[in-house]
J.: 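Let me begin by handing over the structure; questions about it come next.
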Amino acid sequence: MGARGGPDPSTVRLPGPWTHRAVSANGIRLHVAECGEGPLVVLLHGFPEFWWTWRHQLTGLAEAGYRAVAVDLRGYGDSDKPPRGYDLWTLAGDVAGLIRALGESEARIVGHDWGGLIGWTVAALHPRLVHSLTAVAAPHPLAVRAAIVRDPRGQGRATTSYALGFQLPRWPERSLRADGGARVERIMRRWAGSSWAASADFAQAAAHNRRAIQIPAVAHCAMEYYRWALRSQLRAEGRRFAAAVARPTGMPVLQVHGAADPCLLERTARTSVRWTGAGLDHRVLPGIGHFPHQERPTETTALIREFLAG
């Protein structure tokens with residue numbers, strides 16, 4: 001057990017055909033799981049998960065001749081959990097530092113949910129480090145911001161249904177940890193497609209994520225992502241960030257989105273083309289919810305491999 005009564009962070013180092021290690025980047029220590037050799041692919045998870053969400057892609061990309069590295073984002077899993085730095089500026093700096101710390105001059109970035117928003121930001125702020133971007137269930141940050149206002153009954157309602165509650169102090173953290181992390185499973189089930197939500201694979205993923213959210217400080221750090229996202233819109237920092245990421249990306253972008261995603265809507269993702277200077281390959285998976293890489297792992301991995309090879 002951890003010092004504050006939760007699981008030890010090392011419990012996320014689940015065994016498999018990958019190796020675990022800590023990497024120092026951007027002033028913090030990041031835990032990574034690594035598999036394969038070849039061009040670097042950095043895999044960035046979303047909420048409410050950790051590196052293990054990429055278990056299928058780690059092996060699938062390694063088999064295709066890539067060095068696949070899945071990281072626990074700042075505040076998650078076995079990575080450091082500092083009191084600050086949960087803004088997209090700093091989170092993008094973590095990924096940029098990680099790429100350099102891994103000894104590479106560039107990487108193919110694959111991100112889901114928050115990991116995808118970070119990927120878009122790295123592509124904008126550190127373009128020389130990004131060979132290509134794959135955004136899984138992750139519209140461009142400015143596409144999300146615009147859709148909340150312009151599509152209030154769609155993306156606006158989808159976002160406020162959970163993100164507003166995350167702004168409250170302390171209560172969201174307690175609710176995520178209560179009953180062995182049961183709320184994490186409810187969130188995943190609500191966001192997932194019905195087929196995967198009824199599967200044994202979902203049950204296993206939910207159990208791992210429920211345990212991981214109880215690691216001391218993880219629930220609080222996860223909420224800080226959402227708190228920065230809302231509060232920055234009311235400050236000059238939000239305007240500066242919007243200006244910084246408004247320039248179209250200079251590298252190819254693949255979007256993989258579930259048609260039934262109730263969290264980040266497919267029609268919101270489609271508007272990301274406005275910020276893709278080198279072109280957008282937008283793929284929609286019918287009947288799939290917010291977790292395409294887990295709900296349909298073989299097809300999603302094949303799409304990523306095809307895109308990277310091209």
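All values reported here derive from a predicted model rather than from experimental measurement.
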J.: Could you check whether Trp54 and Trp18 have their ring centres less than 6.0 Å apart?
T.: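 Not under 6.0 Å, so no.
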J.: Going through the distances and angles, do Gln294 and Thr53 end up as a side-chain hydrogen bond (donor to acceptor under 3.5 Å, both in side chains)?
T.: CA-CA 7 Å; Gln294 296 191 84; Thr53 191; 3.0 Å; yes
J.: Can you classify the ring geometry of Trp196 versus Phe291 as parallel (below 30°), tilted (30 to 60°) or perpendicular (above 60°)?
T.: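 Ring orientation, 0 to 90° scale: tilted.
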J.: Between Gln167 and Arg231, does the side chain to side chain contact (heavy atoms under 4.5 Å, CB included) criterion hold? Intermediate values first, please.
T.: CA-CA 9 Å; Gln167 306 302 312; Arg231 294 171 188 175; 4.0 Å; yes
J.: Distance from Asp281 atom CG to Leu303 atom CG, nearest 0.5 Å?
T.: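 Going from CG on Asp281 over to CG on Leu303, the span is 8.0 Å.
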J.: Taking NZ, NE, NH1 and NH2 as the nitrogens, is one of them in Glu224 or Arg227 under 4.0 Å from a carboxylate oxygen of the other?
T.: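 So Glu224 pairs with Arg227 through a salt bridge.
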J.: If hydrophobic clusters are built by linking Ile, Leu, Val, Met, Phe, Trp and Tyr wherever their side-chain heavy atoms come under 4.5 Å apart, do Val69 and Leu14 end up in the same one?
T.: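 Both belong to a single hydrophobic cluster.
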J.: Identify whether Phe241 and Leu230 are in the same connected component of the hydrophobic contact network (ILVMFWY, side-chain heavy atoms under 4.5 Å).
T.: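 No, no single cluster joins them.
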J.: Which is it for Val253 and Trp120 under the side chain to side chain contact (heavy atoms under 4.5 Å, CB included) test, yes or no, and what are the steps along the way?
T.: CA-CA 9 Å; Val253 178; Trp120 283 106; 3.6 Å; yes
J.: Find the distance between CD1 (Ile215) and NZ (Lys81) and round it off to the nearest 0.5 Å.
T.: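 Atom-to-atom, Ile215:CD1 and Lys81:NZ are 6.0 Å apart.
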J.: Counting heavy atoms not belonging to Glu37, are there more than 12 under 6.0 Å from its CD?
T.: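 Incorrect, the count does not exceed 12.
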J.: Looking at side-chain heavy atoms only, is the closest gap between Leu58 and Trp51 below 4.5 Å?
T.: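 The answer is yes; the side chains approach within 4.5 Å.
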J.: Counting only N and O atoms by type, is there a donor-acceptor contact under 3.5 Å from the side chain of Gln57 to the main-chain atoms of Leu43?
T.: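 Looks like no, no N/O pair under 3.5 Å.
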J.: Rounded to the nearest 0.5 Å, what's the gap from SG on Cys263 to OH on Tyr162? Could you check?
T.: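 Spacing of SG (Cys263) from OH (Tyr162) equals 3.5 Å.
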J.: Give, for atom NE2 of His140 and atom CG of Leu117, the distance between the pair rounded to the nearest 0.5 Å.
T.: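 His140 NE2 to Leu117 CG: 9.5 Å, rounded to 0.5 Å.
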J.: Would Arg270 and Val284 satisfy side chain to side chain contact (heavy atoms under 4.5 Å, CB included), going step by step from the backbone distance to the final call?
T.: CA-CA 10 Å; Arg270 198 175 288 274; Val284 181; 3.6 Å; yes
J.: His290 vs Trp191 aromatic rings, parallel, tilted or perpendicular, using cut-offs 30° and 60°?
T.: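 Perpendicular, since the angle between the ring planes exceeds 60°.
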J.: With the threshold set at 4.0 Å, does a side-chain nitrogen-carboxylate oxygen contact exist between Glu185 and Arg189?
T.: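 Between Arg189 and Glu185 there is a salt bridge, with a charged N closer than 4.0 Å to a carboxylate O.
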J.: What distance separates Trp89 CH2 from Glu237 CD, expressed to the nearest 0.5 Å?
T.: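 Here the rounded value is 7.5 Å.
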J.: Could you tell me if the ring centre of His56 sits under 6.0 Å from that of His293?
T.: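 Ring centroids of His56 and His293 are no less than 6.0 Å from each other.
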J.: Could you measure the distance from the OH atom of Tyr66 to the CG atom of Leu308? Nearest 0.5 Å is fine.
T.: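 If we round to the nearest 0.5 Å, Tyr66:OH and Leu308:CG are 4.5 Å apart.
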J.: Evaluate the side-chain hydrogen bond (donor to acceptor under 3.5 Å, both in side chains) criterion for residues Ser199 and Asp201: first the C-alpha distance (whole Å), next the side-chain angles of each, then the deciding distance (0.1 Å), finally the verdict.
T.: CA-CA 5 Å; Ser199 71; Asp201 186 65; 5.2 Å; no
J.: Do side-chain atoms of Ser161 reach the backbone of Ala158 as a donor and acceptor pair under 3.5 angstrom?
T.: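 Between the backbone of Ala158 and the side chain of Ser161 there is a qualifying donor-acceptor contact (under 3.5 Å).
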J.: Once the angle between the rings of Tyr86 and Tyr225 is folded into 0 to 90°, is it parallel (under 30°), tilted (30 to 60°) or perpendicular (over 60°)?
T.: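 Plane angle between 30° and 60°, so tilted.
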J.: Compute the centroid of each ring, for Phe166 and then for Phe47, and state whether the two points are separated by less than 6.0 Å.
T.: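 Here the rings of Phe47 and Phe166 have centres that are less than 6.0 Å from each other.
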J.: What about Trp114 and Tyr226, are their ring centers closer than 6.0 Å?
T.: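 Yes, they do, as the ring centres are separated by less than 6.0 Å.
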J.: Using a strict cut-off of less than 4.0 Å between a Lys/Arg side-chain nitrogen and an Asp/Glu carboxylate oxygen, indicate whether Arg55 and Glu49 qualify as a salt bridge.
T.: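 No, Arg55 and Glu49 are not salt-bridged.
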J.: Before you tell me yes or no, could you show the steps for Leu88 and Ile118 under side chain to side chain contact (heavy atoms under 4.5 Å, CB included), namely the whole-Å CA-CA distance, both residues' side-chain angles and the distance that decides it to 0.1 Å?
T.: CA-CA 6 Å; Leu88 282 171; Ile118 295 169; 3.7 Å; yes
J.: Would you say that more than 12 heavy atoms from the other residues, nucleotides or ligands in this model lie under 6.0 Å from the CZ of Arg274, or not?
T.: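 No, CZ of Arg274 has 12 or fewer neighbouring heavy atoms, counting only those of other groups under 6.0 Å.
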J.: Please walk me through it: do His282 and His257 pass side-chain hydrogen bond (donor to acceptor under 3.5 Å, both in side chains)?
T.: CA-CA 8 Å; His282 184 77; His257 219 93; over 6 Å; no
